[in-house]
Peer 1: 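Sharing a structure with you now.
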Amino acid sequence: MSIYRQEIEQLIDGLGNWFADERTMEQGRMTGHLYPYEMLFSPIEAGPLKLKNRIVMGPMGNVNMAEETGRPGAKMIEYLVERARGGTGLICTGLIPVDVSTDPSIQDSDDLGSLPRIDRHRTNQSAWRDLADGCHAHGSAIFIQLTPGLGRVGNPECVVKKHRLPVSASWNPSFWMPVVRCRPLLDFECRRLIKNAGQAAADAKVVGMDGVYLHGHEGYLLDQLTSPAFNRRRHGRYADWQAFGLELVRELRRRCGERYPIMYRIDLTLALRETYRDRMDTEWTLRKYRNGRTVEMTLEYMENLVKAGVDLFDVDLGCYDNWWLPHHPYPMPPGVYLRASRIAREYFEERGVTSNLGKAVPVVAVGKLGFPDLAERALRDGMCDMVMLARPLLADPFWPRKAYAGRVSEIIPCIGDQEGCLNQIVKGGHLQCAVNPRTAFEDVLGDIRPAAAPKHVAVVGAGPAGVYCACHAAERGHRVTLFEQGGRAGGKLIPGSVPRMKFEVANFVEYLNDRVLRCVGEFALEALFGTEATLEVLENGGFDAIVFCTGTAPASPPVEGVDLPHVVSAVDLLNDPALADGARAVVVVGGGDVGCEVASMLSVEKGKRDVTVLEMLPHFMRDSCPANRGFLIHHLELAGVKLMNCSRLNRVTVEGVEVVRNVSRTVPDPYNTWVPLVPESVEIPFPFAERIGTDEKLITLKADLVVLSTGSRPDDGLYYECLRRRTAPEVHNIGDSMSPGMVLQATRAGFALGTSL
Ligand SMILES: Cc1cc2nc3c(=O)[nH]c(=O)nc-3n(C[C@H](O)[C@H](O)[C@H](O)COP(=O)(O)O)c2cc1C
Ligand code: SF4
C-alpha cells in the first residue's frame, strides 16, 4: 500500500476516537500561548499578489444572498465586507456559476436562481465592483470562486420542473435522488463551460476581483470531470480526466494574462474506499465510484495545473457521499486536514515546483483551524503556507483582529453544529450562524444603538438566550440582573458539552461565562449565580422588564415503567455520567441528536458496552445537518451501536424494554449515510421511492440502564404566572422556554430582545 494511502487511512480511521488524545483535545481550545502570532500575521505572496496576512476566508455559498437576477445584494456585500473589516487578508466568495444553462440544476424553473452570477450582463457588474472596493477599503484582497456547475450534486428537481436531466461527467446517479440519472455532458458543452469560465474570469478582473478561485473539490462538476470516479468516459476529448481542468486553467490564463492570480481547490482524494471499505463493492450507488483519484494522481495533476497556470491551492478530502469529510461537524478533530496540506506542500518542495512566474506555490490548509495557537503552530511547523477559516469567520468576523491583539478569549468560537450555516442552505435558506446573530444580517443589523431610556431588567436563566439578552441589554446602558440557579452560564449546553466530542460546545460555554464576566466588569450587569428567581424576588425587585429564558424540562413518554430506578433522562446522565458505571447493556430511547450523542459517549468514550438506540421514525437525526448526521451514524455503526428505526418503546421492565418494531423489509437501512434525506417539502417523483410497509413485532431487549432522550417541553410556569400577575410592565419569554429549539434560535432571540429593550 502506498505511503499516502496509509496516511489517509490512518486519518479516516482516527476520526471516530481521536478525542481520547489529550494533546489533540488541547489543540481545540481557544488558548493564547503562542501570542504574538508572528507567522499568522506575516505577509505572503500569492502569485503576483501580496497579502497582508496568512488568513484566507473559506468560500461559503452565497445562496439566497443575491437579487434574483444574480446581482450581489446588500446582504452579500455587507457580509463579505464585514470579514474584510475584521482583518482577514484574503476574502473568498462562495461558488459562482460560470453559466447557468449548461447545468440545469443551477437555476429554478422560471429562470430565477438562488446563486449570485457574474455571467449575466453589465448591470450585475456594478455590484461586484462595490464588493471588491469594499474589501479593498479594509486592506483585504478578494477572490471570486468560479464553478462550472454542480452536476450530480445539484438539485435533481430539474427533471420535473424543467424536463431536463441533470448532467455529470458520465452516467451517474443523482446524489440527492439516485433513481434520477445524470447524463454525460457532451464535448461541446464542456468546451462552452470552459469558454464561459474564461469570460467570467475576465469580467471578474475588470470589476476589481484580485483573482479567481476554481471550485474543484467535494465532488462538484469540476471534480466530477477531473476524477475517474465520476468521469468514466471512454471517448472524446475529456475521456482524459485531467483534460478539462488543464484546458480550463489555460483558458483563464489566455483571458486574464500571466499576472492574474488563479487558485484551485482540490480534494487530495475522495476517500470513499477509506470511508466505506467493503460497501464500495456492494452498494450500487457507491460501486460506480470505486476508482477515484489516488493521492499520487492528484499530486501529479496539481503539478500539471501549476504548469498550466495555477498559483496557489487549498486541499481537503471527501465529497458529498461522505459529506462529513469536506464539511466537518463538531466531532471531528481540530486541524483535521493539516496532514493533507503538508503532503501537497512537501511534494511541491521535493519536486521544486514553482509557478509560471517562478514563485513558490503556496498551499492553504483548511478544516477546523479556528484556534489561534493551532493555526500559528501549523504555519510554524511548515504544515501549510496559509490557513483558511470558513465557519470560524461566520462565528466571529473579527477573529483576525482579536487574534492580532491577543484578545483570544473574546473570539466567539464556532460550535460545529452547522445548523446556522450549512443546514440553512440545505433547507432552502441562506447561511447564517448559531453563535453570531449578525452574520449575514449585517445589512440590516448595523451598529447597536444605546438604550433611549435605561431600564432595570431581570433576565432569568443564563443559557445562550439569557446571556445574549443580558449582555446586549447591559452594553446598551440598561441595568441588568441576571439570575441563574446553577453555578455558571451555559444552561443546557453545560450537559450538552460533556461528551468529549463536544469540545467546541465546551469552548462556547467558556466564552459565555467570560462574556458575562466582562460585562459585569464594564457595564451595569449583576450576575447572580446559584440564585433562584422566585416569584417573590421578581415581584419585589422593582424591575421594568423581566425576560424569562428558563429553558426546558425533559418530557417522558407516557409508558409503563419509565419511573423504574434504572431509567434516567439523557440530561441527568450527561450531568452525571457515573450513572452509567457498571451498566453493560444500555438502551437509549430517542434517536435525535442528543440520543445519538449519548450512545456515542457510552460506547466510544466510556468503554465497551452493548448500546442500542430506538427511534420511532424511519430515520435517525431526521432534521440534523446531513454532514453531522452522516458522521455520527457512520461512527455509531463502527462502534457497534445497534440502531433500530421504526421501533416504539412499549414498556420498561426490570430486565429491560419491550419494543414494538416494524420488521418490514421496506424499513430503511438506518446506517445508510451515502444517500441523503431530502427536505420533507421535496416530493420524490417516483411513487416507489419510500413507501414503508407495516409488519410489527413485539420484541424484548435486555437493559440494565435505559436512557430517555425523548425531547423536552418549555419550562414556562413562572413566566405565565408573572404575565398573569403583571409583575413588571414588560414580561417576555424567549429561547427554549418559549419553544424548544437550537442554539441558533436561542442566540437570535437573546440578541433581538437585548438590542431592542
Ligand atoms: C455554509 C457553508 C457553505 C459552503 N460553501 C462552499 C462553497 O461555496 N464553496 C466551497 O468550495 N466550499 C464551501 N464550503 C466549505 C468551506 O469553504 C470549508 O471548506 C469548510 O467549511 C471547512 O472549513 P472550516 O472548518 O474552516 O469551516 C462551505 C461551508 C459552509 C459551512
Ligand atoms: S452555525 Fe454553527 S457550525 Fe456554522 S459557523 Fe455558526 S457556530 Fe459554526
Side-chain angles (χ1 to χ4, degrees), residues 28 55-65 76 79 88 91-97 114-116 143-147 150 153 213-220 222-223 263-267 314-320 323-330 332-338 340-341 364-371 374-375 387-397 399 411-427 429-440 464 493 504-505 507-508 511 624-628 742-745 747-748:
I55 303 170
V56 184
M57 176 179 175
M60 284 173 282
N62 306 114
V63 181
N64 293 317
M65 297 177 90
M76 174 172 165
Y79 150 79
T88 297
I91 300 291
C92 297
T93 69
L95 78 175
I96 310 293
S114 56
L115 282 169
F143 283 6
I144 182 170
Q145 189 183 53
L146 295 180
T147 190
L150 315 175
V153 301
Y213 178 18
L214 290 171
H215 187 225
H217 80 143
E218 203 182 336
Y220 283 95
L222 178 51
D223 207 14
M263 179 166 169
Y264 196 111
R265 171 164 247 206
I266 195 160
D267 47 271
D314 77 292
V315 288
D316 65 359
L317 297 178
C319 56
Y320 270 57
W323 219 10
W324 56 94
L325 292 189
H327 285 281
H328 329 113
Y330 53 83
M332 284 177 75
V336 56
Y337 292 151
L338 285 171
S341 55
V364 183
V366 64
K368 295 190 92 159
L369 287 164
F371 311 95
L374 172 64
V387 292
M388 181 177 272
L389 308 181
R391 293 165 301 168
L393 292 180
L394 295 186
D396 196 337
W399 192 106
I411 293 175
I412 311 174
C414 164
I415 57 174
D417 59 334
Q418 314 212 83
E419 269 311 319
C421 51
L422 193 58
N423 216 21
Q424 289 296 313
I425 296 183
V426 173
K427 289 178 174 172
H430 64 75
L431 61 73
Q432 34 200 298
C433 180
V435 296
N436 186 344
R438 285 191 75 239
T439 292
L493 296 182
E504 288 174 308
V505 176
N507 287 341
F508 185 55
Y511 164 81
S624 311
C625 175
N628 295 36
M742 307 277 181
V743 178
L744 174 71
Q745 286 85 29
T747 56
R748 175 164 311 157

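Order of appearance sets the numbers: ligands from 1, and atoms from 1 within every ligand. Basis for what follows: all heavy atoms, side chains included, without hydrogens, waters or symmetry-related copies.
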Peer 1: On a heavy-atom basis, which atom in Phe508 and which in Ile412 lie closest, and how many Å separate them?
Peer 2: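 Nearest heavy atoms, Phe508 then Ile412: CE1-CG2, 4.4 Å.
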Peer 1: Going by heavy atoms in the side chains, are Lys427 and Glu419 under 4.5 Å from each other?
Peer 2: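 When only atoms from C-beta onward are counted, Glu419 and Lys427 do touch, with a gap below 4.5 Å.
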Peer 1: Before giving the answer on side chain to side chain contact (heavy atoms under 4.5 Å, CB included), spell out for Met65 and Leu431 the whole-Å C-alpha distance, their side-chain angles and the decisive distance to 0.1 Å.
Peer 2: CA-CA 9 Å; Met65 297 177 90; Leu431 61 73; 4.3 Å; yes
Peer 1: Which atom names give the shortest non-hydrogen contact between Pro329 and Lys368, and what distance separates them?
Peer 2: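 Looks like O-NZ, 3.0 Å.
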Peer 1: Any side-chain heavy atom of Pro397 within less than 4.5 Å of one from Asn436?
Peer 2: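 Sidechains of Asn436 and Pro397: in contact.
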Peer 1: Between Cys433 and Ala395, what is the shortest heavy-atom contact and its length?
Peer 2: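 What the structure gives for the nearest pair is SG-CA, 3.6 Å.
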Peer 1: Tabulate distances under 3.5 Å between N/O atoms of ligand 1 and N/O atoms of the protein, writing both atom names on each line.
Peer 2:
unit_1, atom_1, unit_2, atom_2, d
ligand 1, 5 (N), Gly61, N, 2.8
ligand 1, 8 (O), Gly61, N, 3.1
ligand 1, 8 (O), Leu95, N, 3.1
ligand 1, 9 (N), Gln145, OE1, 2.8
ligand 1, 11 (O), Gln145, NE2, 2.9
ligand 1, 11 (O), His217, NE2, 2.9
ligand 1, 11 (O), Arg265, NH1, 2.8
ligand 1, 12 (N), Pro59, O, 3.3
ligand 1, 12 (N), Arg265, NH1, 2.9
ligand 1, 14 (N), Pro59, O, 3.2
ligand 1, 17 (O), Pro59, O, 2.6
ligand 1, 17 (O), Arg265, NH1, 3.0
ligand 1, 19 (O), Arg265, NH1, 3.3
ligand 1, 19 (O), Arg265, NH2, 3.0
ligand 1, 25 (O), Lys368, N, 2.8
ligand 1, 25 (O), Arg391, NH2, 2.8
ligand 1, 26 (O), Ala390, N, 2.9
ligand 1, 27 (O), Arg391, N, 2.9
ligand 1, 27 (O), Arg391, NE, 2.7

Peer 1: Might you point out which heavy atoms bring Met57 and Thr88 nearest each other, and give the distance in Å?
Peer 2: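 Distance-wise, the nearest heavy atoms are N-CG2, 3.6 Å.
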Peer 1: Leaving out waters, which are not shown anyway, how many protein N, O or S atoms lie closer than 2.8 Å to atom 8 (Fe) of ligand 2?
Peer 2: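 For atom 8 (Fe) of ligand 2, protein nitrogen, oxygen or sulfur atoms under 2.8 Å: 1.
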Peer 1: With no hydrogens and no angle check, do the side chains of Gln432 and Arg748 hold a donor and an acceptor under 3.5 Å apart?
Peer 2: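 Checked: Gln432/Arg748 side chains pair up, N/O donor to acceptor below 3.5 Å.
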Peer 1: Mind listing the closest non-hydrogen atom pair of Pro59 and Arg265 along with its distance?
Peer 2: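 Reported closest heavy-atom pair: CG-NH1, 3.4 Å.
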